[in-house]
Trainee: 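Below you'll find the structure I mean.
When reading the values below, keep in mind they use all heavy atoms of this one structure, side chains included, and skip hydrogens, waters and symmetry mates.
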Amino acid sequence: MSTITALGVGSGLDIADIVRQLVAAERSPVQTRLDSQEKTLEAKLSAFGTLKSALAQFQTGLGELSEVGAFLARTASSGSEEVFTASAGTSAAPGTFDLVVQQLAQSHSLVSEGYESASAGVGTGTLTISVGGNSFSVAVDAAHGTLAGVRDAINGASDNSGVVASVIRVDGASGGTVAKLVLTSTVTGTEGSLTVAVDDADGVDGDTSGLSALAYLPSDTSPAITNLTELRAAQDAKLTLDGQAVTSSSNTVDDAIEGVTLTLQGVSGKDASGAWKSSRLAIAIDPSAAAERVQGFVTAYNAVLDAIRSVASYDASSREATALFGDSAVRGLQSRLRAELSRVVSDLPAGAASLAEIGVRTGRDGKLELDQDRLHGALNSNLDAVAKLFAGEGGCAQRLDDLVSSYLDADGLIESRTEGLNGRLEAIEARREALDRRMESLEARLLKQYTAMDTLVAQLQTTSSYLTQQLELLKTQTSQ
């Protein structure tokens with residue numbers, strides 16, 4: 001209880017301090033109660049935020065388990081990685097192949113005769129460049145009538161269909177250096193073959209002067225025009241798989257074996273007799289990828305359990321409970337999670353129809369434990385069934401995802417509880433405002449009362465002084 005202390009009596013009272021202490025005594029129990037309620041509600045809000053974050057991370061992990069193909073990984077190994085490398089998708093069938101790379105695909109490249117410099121004039125007109133039948137035209141005007149200008153015009157053409165032009169500086173045949181224009185197709189294989197037709201401004205298209213010096217029509221005209229020299233011929237990749245010929249315009253071959261992508265790196269060698277040496281391509285099931293996903297599931301589930309315990313537990317030694325201890329929503333979540341873990345998926349064979357059967361079991365502390373030997377046994381004997389246990393219709397991942405969504409969705413349980421807690425916090429704020437108004441009214445009333453009392457006391461003191469004086473005067477007169 002607050003103690004009221006007066007500095008004096010009568011008109012000497014410290015009215016402001018008396019009123020302050022009375023108002024504080026009236027406010028204190030209500031404010032303490034509101035502070036305690038607010039602290040509890042905020043702790044619950046924070047705890048639900050922690051739980052929501054943990055469930056969201058768990059759901060992200062479940063997304064990685066929702067596709068059967070994620071469990072059916074394949075490995076593709078090359079017996080000679082300097083010749084080829086390989087990767088395999090889930091549709092690839094296990095097996096082995098003998099592979100020979102006889103030639104790599106390469107892009108077509110042409111080079112001009114030498115010029116004194118990149119700024120040397122090459123004439124004007126129009127170049128029509130074709131890349132595997134796709135053509136575009138480049139107007140070479142006086143502003144671009146140099147070797148560098150032609151390069152820039154080709155590279156800057158908006159409809160360039162796959163040609164890169166460059167100018168190189170090399171040794172000349174008779175000493176010194178010369179500049180040459182190089183045209184390179186960006187498309188490998190014979191599909192990227194280049195031709196260059198010229199409409200020369202000098203009116204003569206077939207000679208080697210002016211812009212015609214850049215013409216290259218090896219088969220479209222008779223006689224052929226080859227004023228550009230072939231640096232590198234357009235060439236398809238050629239290989240054999242178990243003796244069967246395969247031709248590809250690219251060194252990335254993804255249509256020879258279903259689900260397998262081959263990346264050709266070099267040409268195979270030959271033995272002493274001149275016969276091609278083959279390299280082994282092996283496609284195999286990769287159970288280790290599935291094992292990693294199962295281990296990831298166990299880890300993610302245990303992380304959710306840790307989060308639940310951090311917000312909904314009771315310490316018997318300290319007799320302290322966390323914010324959501326005993327909360328019905330959290331108890332329901334724990335119960336439903338345990339139920340989903342123990343369910344059996346119908347239509348799956350024995351040994352892979354439940355998590356326990358593949359080695360995922362609940363320990364004494366409630367967390368999941370993984371029996372690696374049992375898991376690998378299930379993966380080696382029935383990988384497809386293990387994949388469906390998690391990712392199939394009605395599988396563990398799908399059921400758990402639905403469960404988590406019922407808590408995390410916009411209309412889910414956590415959102416509902418959070419809205420309720422925020423509503424209660426708003427109500428507390430309203431009660432604080434009401435308390436402030438009531439205390440202001442109380443303070444005004446007390447000030448008025450004490451001021452009136454102080455005035456009365458002052459009046460009484462004045463009357464007392466007057467009576468004392470009169471009595472003293474009467475006493476003196478009587479004495480005389």
Side-chain angles (χ1 to χ4, degrees), residues 81-87 101-115 118-120 122-123 125-141 143-170 178-199 211-221 224-239 246-256 260-267:
E81 292 193 350
E82 66 272 16
V83 176
F84 74 94
T85 58
S87 61
V101 178
Q102 297 169 329
Q103 71 178 33
L104 295 176
Q106 60 186 25
S107 58
H108 201 193
S109 184
L110 304 172
V111 64
S112 70
E113 294 297 323
Y115 290 79
S119 59
V122 295
T126 301
L127 298 175
T128 301
I129 304 173
S130 175
V131 184
N134 296 316
S135 300
F136 68 100
S137 296
V138 178
V140 182
D141 55 19
H144 293 88
T146 64
L147 209 60
V150 171
R151 174 199 62 196
D152 296 340
I154 293 173
N155 291 337
S158 60
D159 56 348
N160 187 319
S161 54
V163 179
V164 175
S166 57
V167 174
I168 60 174
R169 191 81 184 176
V170 297
V178 294
K180 295 185 177 183
L181 178 70
V182 177
L183 303 180
T184 303
S185 173
T186 60
V187 181
T188 58
T190 56
E191 294 179 356
S193 296
L194 298 175
T195 62
V196 183
V198 178
D199 183 5
L211 198 62
S212 296
L214 303 181
Y216 183 81
L217 297 168
S219 59
D220 292 352
T221 61
I225 301 175
T226 55
N227 295 339
L228 296 178
T229 302
E230 194 172 60
L231 279 180
R232 186 174 57 244
Q235 179 175 285
D236 291 330
K238 292 184 178 180
L239 61 150
V246 177
T247 300
S248 171
S249 62
S250 169
N251 289 318
T252 300
V253 184
D254 56 11
D255 56 357
V260 178
T261 298
L262 302 172
T263 302
L264 308 184
Q265 306 287 357
V267 175

Trainee: Enter the distance from N134:CG to N160:CG here, rounded to the nearest 0.5 Å.
Mentor: 11.0 Å
Trainee: Any side-chain heavy-atom pair from S107 and T184 closer than 4.5 angstrom?
Mentor: yes
Trainee: What distance do L147 atom CG and S112 atom OG have between them, rounded to the nearest 0.5 Å?
Mentor: 5.5 Å
Trainee: Can you tell me how far apart CG (D236) and CD (Q103) are? Round to the nearest 0.5 Å.
Mentor: 7.5 Å
Trainee: Taking the side chain as every heavy atom from C-beta outward, state whether L183 and L214 have any atom pair closer than 4.5 Å.
Mentor: no
Trainee: Within this structure, what is the CG-OG1 distance for the pair L217 and T226, rounded to the nearest 0.5 Å?
Mentor: 9.5 Å
Trainee: Out of curiosity, T126 OG1 to I129 CD1, how far, rounded to the nearest 0.5 Å?
Mentor: 11.0 Å
Trainee: S135 and S130: which non-hydrogen atoms are nearest, and at how many Å?
Mentor: OG-CB, 3.4 Å
Trainee: Locate the shortest heavy-atom distance separating P218 from A224; write the atom from each residue and the value.
Mentor: O-CB, 3.0 Å
Trainee: With side chain to side chain contact (heavy atoms under 4.5 Å, CB included) as the criterion, how do E113 and T229 come out once you've worked through the C-alpha distance, each side chain's angles and the decisive distance to 0.1 Å?
Mentor: CA-CA 8 Å; E113 294 297 323; T229 302; 4.1 Å; yes
Trainee: To the nearest 0.5 Å, what is the distance between OG on S185 and CD on Q106?
Mentor: 11.5 Å
Trainee: Mind listing the closest non-hydrogen atom pair of G189 and A234 along with its distance?
Mentor: O-CB, 3.5 Å
Trainee: For residues V167 and A118, report the shortest heavy-atom separation together with the two atoms involved.
Mentor: CG1-CB, 4.0 Å
Trainee: Which atom names give the shortest non-hydrogen contact between V182 and L231, and what distance separates them?
Mentor: CG1-CD1, 4.1 Å
Trainee: State whether the number of non-hydrogen atoms from other residues, nucleotides or ligands found under 6.0 Å of Q102 atom CD is greater than 12.
Mentor: yes
Trainee: Which atoms form the tightest heavy-atom contact between T188 and S249, and what is the distance?
Mentor: OG1-O, 2.6 Å
Trainee: I'd like to know whether V131 forms a side chain to side chain contact (heavy atoms under 4.5 Å, CB included) with L194, so could you lay out the CA-CA distance, the side-chain angles of the two residues, the decisive distance to 0.1 Å, and finally the verdict.
Mentor: CA-CA 5 Å; V131 184; L194 298 175; 3.7 Å; yes
Trainee: Short question: side chain of T146, backbone of S119 - any donor-acceptor pair under 3.5 Å?
Mentor: no
Trainee: How about V253 and L264: do any of their side-chain heavy atoms sit closer than 4.5 Å?
Mentor: yes
Trainee: With a 4.5 Å cut-off on side-chain heavy atoms, are L181 and Y115 touching?
Mentor: no
Trainee: Among residues at least two apart in sequence or on other chains, which ones pass side chain to side chain contact (heavy atoms under 4.5 Å, CB included) with A215?
Mentor: V198, I225, N227
Trainee: Working note: V140 + L127, criterion side chain to side chain contact (heavy atoms under 4.5 Å, CB included); need CA distance, chi angles, decisive distance, verdict.
Mentor: CA-CA 7 Å; V140 182; L127 298 175; 4.2 Å; yes
Trainee: Is the count of non-hydrogen atoms from other residues, nucleotides or ligands lying under 6.0 Å from Q235 atom CD greater than 12?
Mentor: yes
Trainee: Going by atom type alone, with no hydrogens or angles, which donor-acceptor pairs under 3.5 Å involve a side-chain atom of residues 148-158 and a protein atom two or more places apart or on another chain?
Mentor:
unit_1	atom_1	unit_2	atom_2	d
N155	OD1	A165	N	2.9
N155	ND2	R151	O	3.4
N155	ND2	A165	O	2.9

